[in-house]
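Okay, so here's the structure we're looking at.
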Amino acid sequence: MQTVKMVISGAVNSGKTEFIKTISEIEVVSTEKKATDDTGKIKDKTTVAMDFGRIAIGNDLVLHLFGTPGQKRFDFMWEILSEGMLGLIVLVDSTRPETFRETNRIIDFLSRTGIPPT
Ligand SMILES: Nc1nc2c(ncn2[C@@H]2O[C@H](COP(=O)(O)OP(=O)(O)OP(=O)(O)O)[C@@H](O)[C@H]2O)c(=O)[nH]1
Ligand SMILES: [Mg+2]
């Protein structure tokens, strides 16, 4: 049985927590708290540390799913969560072009720190 660490990232409100809750086979460990800054204008709750879920693919592979917080002020968690990751999924809300620049920043950062070279 092989276990692979996957990181699910993306800008605020791109759907990271929802994605992990949807595909995880276990109850997701979530750290959602009431948003107290500008994020509160678009949603009630936001991830402040991480999400964690798990899904098995066939009999031999288990994916551990680590969701990052979207807010910039929690970006120190990106490096912590991406340590040892083998795969990265970046979610984008295509209806909010104003988040594309931030999405690029996340991709740049995580491709430099996390994914091992092939
Ligand atoms: N229409 C639609 N709404 C979605 C989808 N995924 C998530 N949402 C909604 O988008 C909002 C944000 O979803 P979250 O999963 O909290 O987003 P997040 O990326 O974890 O947000 P942060 O933790 O604040 O960065 C919620 O209201 C979800 O119900 C989707 O695929 N389609
Ligand atoms: Mg979240």
Side-chain angles (χ1 to χ4, degrees):
M1 174 76 69
Q2 191 190 2
T3 302
V4 166
K5 180 175 184 179
M6 300 282 300
V7 170
I8 318 300
S9 195
V12 169
N13 208 38
S14 55
K16 304 175 290 292
T17 301
E18 195 71 30
F19 176 74
I20 294 174
K21 282 185 175 162
T22 302
I23 68 169
S24 178
E25 296 164 342
I26 60 167
E27 195 175 334
V28 171
V29 178
S30 155
T31 58
E32 291 207 286
K33 297 288 170 199
K34 189 171 168 40
T36 53
D37 60 2
D38 280 356
T39 306
K41 292 177 188 161
I42 49 174
K43 69 204 295 254
D44 286 342
K45 288 190 166 185
T46 188
T47 302
V48 297
M50 61 178 280
D51 304 302
F52 176 75
R54 176 190 185 278
I55 183 172
I57 311 285
N59 293 326
D60 300 324
L61 180 64
V62 171
L63 304 183
H64 282 181
L65 310 166
F66 289 84
T68 64
Q71 290 190 56
K72 264 198 195 83
R73 63 188 169 133
F74 299 126
D75 62 5
F76 60 90
M77 286 301 297
W78 299 353
E79 193 164 358
I80 295 169
L81 292 175
S82 63
E83 196 179 326
M85 76 174 169
L86 282 182
L88 171 65
I89 294 176
V90 178
L91 298 179
V92 187
D93 181 348
S94 58
T95 66
R96 295 179 61 229
E98 67 274 22
T99 65
F100 294 174
R101 188 182 296 270
E102 174 65 2
T103 306
N104 270 335
R105 191 172 83 91
I106 292 169
I107 294 170
D108 278 354
F109 181 91
L110 288 173
S111 4
R112 257 183 285 124
T113 58
I115 306 172
T118 49

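Numbering of ligands and ligand atoms starts at 1, following listing order.
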**Asked** Can a protein heavy atom be found under 4.0 Å away from atom 25 (O) of ligand 1?
**Response** yes
**Request:** Please determine which of Asp38, Thr39, Thr47 meets the side-chain contact (heavy atoms from CB on, under 4.5 Å) test together with Gln71.
**Result:** Thr39
**Message:** Has Lys16 got a side-chain atom pairing as donor or acceptor with Ala11's backbone, closer than 3.5 angstrom?
**Reply:** yes
**Request:** Compare all side-chain heavy atoms of Leu81 with those of Pro69 and state whether any distance is below 4.5 angstrom.
**Result:** yes
**Asked** Does an N or O anywhere in Gly70 fall below 3.5 Å from an N or O of ligand 1?
**Response** yes
**Minimum non-hydrogen distance to atom 18 (P) of ligand 1, winning option of Glu32, Met50, Lys16** = Lys16
**Message:** Which residue and atom name correspond to the protein heavy atom nearest atom 4 (C) of ligand 1, and how close is it?
**Reply:** Glu18 CG, 5.0 Å
**Item:** Heavy-atom side-chain proximity of Ser9 to Leu110 below 4.5 angstrom
**Value:** yes
**Message:** Among all the protein's heavy atoms, is there at least one whose distance to atom 7 (C) of ligand 1 comes out below 4.0 Å?
**Reply:** yes
**Message:** To the nearest 0.5 Å, what is the distance between CG on Asp44 and NZ on Lys33?
**Reply:** 14.0 Å
**Complete:** Residues Ile20 and Phe52: closest non-hydrogen pair is CG2-C, 4.3 Å
**Asked** Just to confirm, does any protein heavy atom lie below 4.0 Å from atom 11 (C) of ligand 1?
**Response** yes
**Request:** Only heavy atoms count here, so choose which of Lys33, Gln71, Lys45, Lys43 is nearest to atom 22 (P) of ligand 1.
**Result:** Lys43
**Flag side-chain contact, heavy atom, 4.5 Å: Val92 against Ser14** = no
**Request:** Verify the contact flag for atom 15 (O) of ligand 1, where contact means a protein heavy atom under 4.0 Å away.
**Result:** yes
**Complete:** To the nearest 0.5 Å, atom CD1 of Ile8 lies from atom CD1 of Ile89 at 4.0 Å
**Message:** Could you identify the single nearest non-hydrogen protein atom to atom 17 (O) of ligand 1 and state the distance to 0.1 Å?
**Reply:** Gly15 N, 3.2 Å
**Prompt:** Protein heavy atom under 4.0 angstrom of atom 31 (O) of ligand 1, is there one?
**Reply:** no
**Sequence neighbours excluded - salt bridge (Lys or Arg N to Asp or Glu O under 4.0 Å) pairs with any residue from residues 68-82** = Asp37-Arg73, Lys72-Glu102, Asp75-Arg105
**Fill in**
Closest non-hydrogen contact found for Asn13 with Arg96 is CB-NH1, 3.7 Å
**Request:** Mind checking whether Lys21 contacts ligand 1 via backbone (N, CA, C, O), side chain (CB onward), both or neither, at a 4.0 Å heavy-atom cut-off?
**Result:** neither
**Item:** Atoms of the protein (N/O/S only) found under 2.8 Å from the Mg ion (ligand 2)
**Value:** Thr17 OG1, Thr47 OG1
**Request:** State, yes or no, whether a side-chain contact exists between Phe19 and Ile23 at a heavy-atom distance under 4.5 Å.
**Result:** yes
**Asked** For atom 23 (O) of ligand 1, which protein heavy atom lies nearest, and how many Å away is it?
**Response** Thr47 OG1, 2.9 Å
**Asked** Should Ser14 be listed as contacting ligand 1, given a heavy-atom distance under 4.0 Å as the test?
**Response** yes
**Prompt:** Which atom names give the shortest non-hydrogen contact between Leu88 and Met6, and what distance separates them?
**Reply:** N-CE, 4.4 Å
**Distance-minimising heavy-atom pair for Glu83 and Lys5** = O-NZ, 2.8 Å
**Item:** Any N or O of Asn13 closer than 3.5 Å to N or O of ligand 1
**Value:** yes
**Prompt:** Quick one: do Met1 and Val4 end up in the same hydrophobic cluster if we chain Ile, Leu, Val, Met, Phe, Trp and Tyr together by side-chain heavy atoms under 4.5 Å apart?
**Reply:** no
**Message:** Under 4.0 Å, counting heavy atoms only: does Val12 come that close to any atom of ligand 1?
**Reply:** yes
**Message:** Using a 4.0 Å cutoff against the non-hydrogen atoms of Thr46, which atoms of ligand 1 qualify?
**Reply:** 22 (P), 23 (O), 24 (O)
